[in-house]
Amino acid sequence: MLKITDLHATVGETEILRGLTLEVNAGEVHAIMGPNGAGKSTLAYVLGGRPGYEVTSGSVEFMGQDLLAMDPHERAAAGLFLGFQYPVEIPGVSNVQFLREALNAQRSARGEALLSGGDFLKLAKEKAALLKLDMDMLKRNVNVGFSGGEKKRNEMVQMGILDPALAVLDETDSGLDIDALRVVGEGINAIMRQREGGPGKGVLLITHYQRLLDYVQPDFVHVLSKGRIVKSGGADLALELEREGYEAVAA
Amino acid sequence: MTHMPTIRDEDWRYADGDALASLTPSDLDVWHDVVLEPGETRAKDLVLDDSHPGIHRARLTVGEGARAEIFAIASAAAYTRLELEVRLARGAHFQFGGVTIGGGEATREFVTRVTHAEPEATSEQVVRSVHWGQATGNFLGRIEVARDAQKTDAVQDFKGLILEKGASTNAKPELEIFADDVKCAHGAAIGQMDETARFYMAARGLPPEAARKLLVRAFIADAFAAHSDAEAQESLLDNALATLGDAV
Ligand SMILES: Nc1ncnc2c1ncn2[C@@H]1O[C@H](COP(=O)(O)OP(=O)(O)O)[C@@H](O)[C@H]1O
Ligand SMILES: [Mg+2]
């Protein structure tokens, strides 16, 4: 579903991704772990197409298409979801209005029928309940006045509503207390786990700590260091990293 | 004979010089005189689009405890100026919400002179300017507080949004206060589109034009927030946003 080959990317003048190769197949959950400054968020932004993050070489194929040739909103319509490490506040725009327009823009790009106001609210209520986010929060302006944890849960509500094929979740666990961590972990499983006979789904879980992986069991764990994957393994690797630190394991 | 204004006049300093040169005295002599009786509330929506460019002038005399509300859009493709002279009696209120929006080369401006002539009058003016191309949007707001107009509360709030290099906005608040127990606040800020918000919206699937429209709507909505009629408020917003269609 996602095939990253020898990806190099610069931010400003600095090369941050330096030959990153990774493949995520439908039905797989991959965790990417690594120290601060390794390039985890840069990878997420490059996949999302953020202006200023320039790919200098390499390729990314997503569901058979050249991801890097698409505009950010086209990537979303093609099924890519980016969960932000720092969700953005948008004063004056309500969550409901924003998400309904976003969902309908995606559906229209895919040639699907638009969702009515009533049907959208029903869907939004269902996903808000799943993430235990008060529906009133969704009527408020996007992330304005939300606590850190509420912002992260709101990201997952958005993911539930948009129902992507591939979710790239950048430190969705940071800023969550233990209860919220469990709710978010179960939410990710409910929304993104491949179901028998369902459409292909994959997850790229970027995290700094092992704790989210207790809830969202990864099939593969990769260590990102200095813009490259330096080690890959199974779920055990995350425990080893937690125990011994990145320095020891990635050396 | 009417004095013909030039950009050397304080009140016309940000106006379009060429447009002023082509004015005739009759363009300036038309003042709409409006008198609000004590306790009366009157509201007016003004859409100065391509069917109403040019200079529009009104004098409002607002009686004791009365309330005058004006909500305006200046979006014509040619020089457009709305000038309001307001005199507030005791306990009267003046509410002004204005949006200048547009591209091209035109100057669009609001010029208000609000006199708090008696005690306890209040005024609130909120202006938003959104421009691209070589366009200019201005708000010149003068507030006079008379000697015994104690407990005056006057607020002016201006924000400009520049969508493209080359466009500009100007705010010129002017306060003349002769009373001592007075609250006068004014704020002015000019900025550009929030790129982080734009990317966030794109990452959720919104095309750039749709994201821009939502952000501009949020930006100008403050100007009409005090409108008591929700439907009229929506229609003003839609009207202003229709101009955005041709923005880069
Ligand atoms: N906008 C930026 N401008 C310049 N340098 C940046 C920018 N964003 C990130 N970097 C640099 O890129 C490197 C990787 O950052 P990032 O991808 O945020 O790492 P991580 O998410 O793994 O902590 C860091 O050295 C950081 O300082
Ligand atoms: Mg990061």
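Just so it is clear, the model here is predicted, and its values are computed rather than measured. Every chain is numbered from 1 and lettered A, B, ... according to where its sequence line falls, protein lines coming before strand lines.
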Taking side chain as everything from C-beta outward and backbone as N, CA, C, O, which of these in B/A203 sits under 4.5 Å from a heavy atom of chain A? Side chain, backbone, both or neither.
both
Report the distance from atom CZ of A/R50 to atom CZ of B/R198, rounding to the nearest 0.5 Å.
13.0 Å
pair B/F199-A/Y53: side-chain heavy atoms closer than 4.5 Å:
no
Heavy-atom pairs under 4.5 Å with chain B - which of A/Q158, A/E74, A/Q97, A/R75 has more of them than the others?
A/Q158
Ranking B/A210, B/A221, B/A211, B/P208 by heavy-atom pairs under 4.5 Å to chain A gives rank one to B/P208
Test item: B/R204 side-chain N/O and A/L82 main-chain N/O as donor-acceptor pair under 3.5 Å
yes
How about NZ on A/K3, more than 12 heavy atoms from neighbouring residues, nucleotides or ligands closer than 6.0 Å, or not?
no
What are the two closest non-hydrogen atoms of A/A105 and B/P207, and how far apart are they?
CB-CD, 3.7 Å
Could you check if a side-chain atom of B/D194 sits within less than 4.5 angstrom of a side-chain atom of A/E89, using non-hydrogen atoms only?
no
State, with a plain yes or no, whether a side-chain heavy atom of B/Y200 is found less than 4.5 Å away from one of A/P87.
yes
How close do B/A218 and A/P91 get, heavy atom to heavy atom, and via which atoms?
CB-O, 3.5 Å
Contact winner vs chain B - A/A77, A/P164, A/G92, A/A109, heavy-atom pairs under 4.5 Å
A/G92
For A/E23, does the CD atom have more than 12 heavy-atom neighbours from other residues, nucleotides or ligands under 6.0 Å away?
yes
Specify the closest pair of heavy atoms between A/V88 and B/A197, including all atoms of both residues, with the distance to one decimal.
CG1-CA, 3.9 Å
Non-hydrogen side-chain atoms of A/F98 and B/L206 separated by less than 4.5 Å
yes
Please indicate whether B/H52 has more than 12 foreign heavy atoms, meaning atoms of other residues, nucleotides or ligands, lying under 6.0 Å from its NE2.
no
